Amino acid sequence: MSMVADRCWLPRGPFPTGLAAGALRGRPWRVATWGSEDVAVACAGQELERLWSQVSGCRTLRGTDIEPPLELWVGRAEDLQRCSQRPQQATAPLPRGDLRPPDGGFVLSSLGGDARANGQHRASRTEGIAVVGADGPACVRGVFALVRRLGLGAYPDRLEVAESPKLPIRMLDHWDNLDGTVERGYAGRSLFFAEGGVRSDPDRQRQYARLLASIGVNAVCLNNVNVGSAAVGLLQTPALDDLSGLGGLFDEYGIELYLSVSFASPLLLGGLATADPRDRRVRAWWRETFAVVEERLPGFGGVVVKADSEGRPGPHVYGCDHAVGANMLADALGASGGKVFWRAFVYDAAQDWRDRSKDRARAAYDEYHPLDGSFAPNVVLQVKAGPMDFQVREPVSPLLGGLTGTNVALEVQLTQEYTGQAEHLCYLAPAWSEVLGFPTGAGGRPSPVAEILGGAVFGQPMGGMVGVANVGDDPTWCGQVLAQANLYGFGRLAWDPGLSAEEISREWAQLTFGSDPEVVDVVSRMLGGSLATYERYTAPLGVGWMVRPQSHDRPDPEGYEYDRWGTYHRADRNGLGVDRTSASGSGMTAQYHSPWRETYEDPRSCPDELLCFFHHVSFGHRLHSGQTVIQHIYDSHFAGVEEVRALLGLWRGLHDRIDPLRYRLVLARLTNQIDLAIEWRDVIVNYFWRLSGAGDARGRPIPGAPPTADQAARGGSPPAGTPSSRLPDPGSGTAGT
Ligand code: GCV
């Protein structure tokens, strides 16, 4: 790809549809903002001007001395009301009509003359389009939403839209280090840091802010939750001064900036002898430190903390629980309304694999459920989607339905650490959608996760979604073109968890590749099935973890089996899986509300895809599908590889419908994915054949096994091994599991 960064889903040129409405072409448009002293409103006006001329192919003008027939208005509702009361002070005609946006949201409205009074719009009567936001950031989001709707075929003279976010928190966490590397990053280097300091790349950074604003993201944490020694210094000058440009830029787009902080900062940075959260000097140090940050960093929203987790310091060191630690920071931030995102990813990372009494999957619930209700109002507990760690299949974390008096943010991972990195196509929105829609059963009602996060179940006002970003300075932003759908999907789902993964993939495909229906269908179909395909050829039935230690990129069935991380699948010659039942296992099933605790407790009702997460079952155990466990493993792995071949075939069918550059990039990835999937299939199938001793009921040769008598008689031989000479070297390890 050329070195120019991809536009992703933002418009590449005039839209062919919608704007073709004759009356709106060839006429100049005037952009009018009111209340433009607000940085976000001013930004919205500039974006509207820029985007409009791009997508409409029409001229846009500013100023009062022109007499254009068409207006583009943008501003905050309260300013509109003020200006309407004093029209003589307005610099341009003001839009008329009922333009009250919903809380935190915006209205987009085509404003006609007489025709509008009848509830009808006719292009010939259109005076213009108004974007009215509840606040400045909503104006920016409204402008991008307008452009998105037009890109999807809406007519500019027929807009009557009111939108607001369903979740207050829509945040991306970057795991970027100050040396420019990105932990679990597969998309180049950090957009924000290089060589130990803040990176200066304002054009690229602005483009990133635009992308995020366009999907409704309203917060970004810049640095890795594993706070390295250099990153500790981000809380002080001169680093703060270097960050202020970035803060200002994101502020224009209505995006708050967060920093990950080390709980040991008072020791490491403040020269104190302790970081004990109860210590007066420690509390004073945090207060003073935050006061400086707030003063220097525009748009500072607060901090993200990984404490007592994977070797990070935390309140446990001082014999305190996490509420004490989090509340101390919350108190220090409180004056400015800042927030503390406290991660619930806490478990014993020095486990003994021989000890079957301990279960990592229980850890977060055991730690935080007893603390429910004791966190300060400006603390948000950030809970990973599953009880383990972003595996391709996990049950929903019981903690998500287990907290009634705590603000909760669901953490998902866009960067494909365990889901194929940038090499495998894996569209994750279906998994996130499933989590959001999961009826937790809390309070004896369905209480789906999305409603808990949105505050509708327990009334917690500050819930939402946090995504671990998949972005770097790679020209495609996300390591490969199709992985952009995960970034887009995250923002859209966090804005509206009710959208389906398919609606989102269709939107994304159309905005990214244009409105050719064949392309939209095929790309959306490819994305839609990609996660299930990946699951088929990797770790089976919910056990997870069969990856190479550290790099997490290739198959290694026992890579984590004898390690300290609590990540065991317990496969043996009899069967596979971890007993987490109350009857005979770790009792983790009891952390769920009914009916899930009963459903998961009993292997007869446990869903197939989670069977080996909750139960140790024999290879001969029959699934609901009617298949035995071992046959399921064989069938799914053989099928998975064929599905990747089919993906490649689908993409090839688009070769003259997609621009050559992006076509070739995706083609190369899919071609490579076939080799990678073959390697996964062969290693996993061979591993379970060795353990079970069972052949494939369908007679396919087991990769790496000697031919059976039958196969030998037919002159068959095992399938060719993985063409591993074509596989890249595994990356070097980073912190964490
Ligand atoms: C940022 C997993 C990853 C680590 C990551 C950790 C976390 O263990 O492998 O790289 O650390 O999760 O979420 O904190």
Side-chain angles (χ1 to χ4, degrees), residues 171-179 181-187 190 192-193 220-232 258-264 303-314 316 322 326 341-351 360-361 363-364 367-368 380-392 394 397 399 409-422 428 465-472 490 539 544-554 556 559-560 563-568 730-737:
M171 179 181 199
L172 282 170
D173 279 6
H174 284 257
W175 288 354
D176 293 16
N177 300 314
L178 264 72
D179 63 3
T181 57
V182 179
E183 182 155 342
R184 310 302 178 191
Y186 314 103
S190 169
F192 309 126
F193 304 109
V220 164
C221 181
L222 297 180
N223 63 306
N224 193 350
V225 290
N226 290 329
V227 183
S229 50
V232 174
Y258 285 75
L259 296 174
S260 292
V261 296
S262 165
F263 200 76
V303 295
V304 177
V305 189
K306 173 175 177 176
D308 294 313
S309 168
E310 300 187 329
R312 302 285 133 193
H316 285 173
H322 277 205
F341 283 78
W342 192 268
R343 295 182 82 232
F345 184 57
V346 172
Y347 66 97
D348 178 0
Q351 222 177 294
R360 169 169 166 177
E367 178 81 31
Y368 294 100
V380 181
L381 200 62
Q382 191 168 314
V383 181
K384 286 194 183 187
M388 294 297 271
D389 192 5
F390 303 135
Q391 300 304 292
V392 64
E394 291 186 42
S397 167
L399 199 53
L410 162 71
E411 183 179 310
V412 299
Q413 199 183 38
L414 283 61
T415 192
Q416 294 168 233
E417 176 179 356
Y418 293 99
T419 48
Q421 307 191 355
L428 294 162
M465 269 179 95
V466 177
V468 181
N470 60 345
V471 172
F490 170 78
W545 298 108
M546 294 190 151
V547 288
R548 284 201 184 163
Q550 306 253 330
S551 61
H552 302 169
D553 59 343
R554 307 253 291 266
D556 186 348
Y560 277 111
D563 219 324
R564 64 187 174 98
W565 305 99
T567 48
Y568 318 117
S732 62
T734 40
T737 319

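All ligand and atom numbering here is 1-based and tracks the order in the structure. Atoms considered below: every heavy atom in the structure, side chains included; atoms not considered: hydrogens, waters and symmetry mates. Start at 1 with the first residue, then count along the sequence. Quantities reported herein were computed from a predicted structural model and do not represent experimental measurements.
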### Query
What atoms of ligand 1 come closer than 4.0 angstrom to any heavy atom of Glu417?
3 (C), 9 (O)
### Message
If the cut-off is 4.0 Å to any non-hydrogen atom of Asp389, which atoms of ligand 1 fall inside it?
### Response
2 (C), 8 (O), 12 (O)
### Task
Identify, with sequence neighbours excluded, every residue that meets ring-ring contact (aromatic ring centres under 6.0 Å, His included) alongside Phe390.
none
### Query
Which is closest to atom 11 (O) of ligand 1 in terms of heavy atoms, Thr567, Val346, Asn226?
Asn226
### Query
Taking both backbone and side-chain atoms of His552, is any N or O found less than 3.5 Å from an N or O belonging to ligand 1?
no
### Query
For Phe192, which residues count as a ring-ring contact (aromatic ring centres under 6.0 Å, His included) partner, sequence neighbours excluded?
His174
#### Entry: Asn224 and Glu183: side chain donor to acceptor below 3.5 Å
yes
### Message
If the cut-off is 4.0 Å to any non-hydrogen atom of Phe345, which atoms of ligand 1 fall inside it?
### Response
6 (C), 7 (C), 8 (O), 12 (O), 13 (O), 14 (O)
### ligand 1 contact on Trp175 by region, counting heavy-atom pairs under 4.0 Å
side chain
### Query
Does Tyr347 reach ligand 1 with a nitrogen or oxygen that is under 3.5 Å from one of the ligand's nitrogen or oxygen atoms?
no
### Query
Which atoms of ligand 1 are found less than 4.0 Å from any heavy atom of Arg184?
3 (C), 4 (C), 9 (O), 10 (O)
### Message
Taking the basic N atoms (NZ, or NE/NH1/NH2) and the acidic carboxylate oxygens, is any pair closer than 4.0 Å for Asp553 and Arg548?
### Response
no
### Summary
Here the pair of heavy atoms bringing Leu399 nearest to Ala344 is CD2-CB, 4.1 Å
### Query
Does some non-hydrogen atom of Asn224 fall short of 4.0 Å from ligand 1?
yes
#### Entry: Closest to atom 13 (O) of ligand 1 (judged by heavy-atom distance), picking from Lys306, Lys384, Glu183
Lys384
### Query
Is Glu310 in polar range of ligand 1, meaning some N or O pair under 3.5 Å apart?
yes
### Message
If we count only N and O atoms by modelled type, under 3.5 Å, do the side chains of Tyr186 and Glu417 hold a donor and an acceptor together?
### Response
no
### Query
With a 4.0 Å heavy-atom cut-off (strictly under), which part of Val225 contacts ligand 1: side chain, backbone, both or neither?
side chain
### Query
Does a side-chain heavy-atom distance below 4.5 Å link Leu428 with Gln416?
yes
### Summary
Scanning both residues in full, the closest heavy-atom pair of Tyr560 with Thr567 reads CB-OG1, 3.2 Å
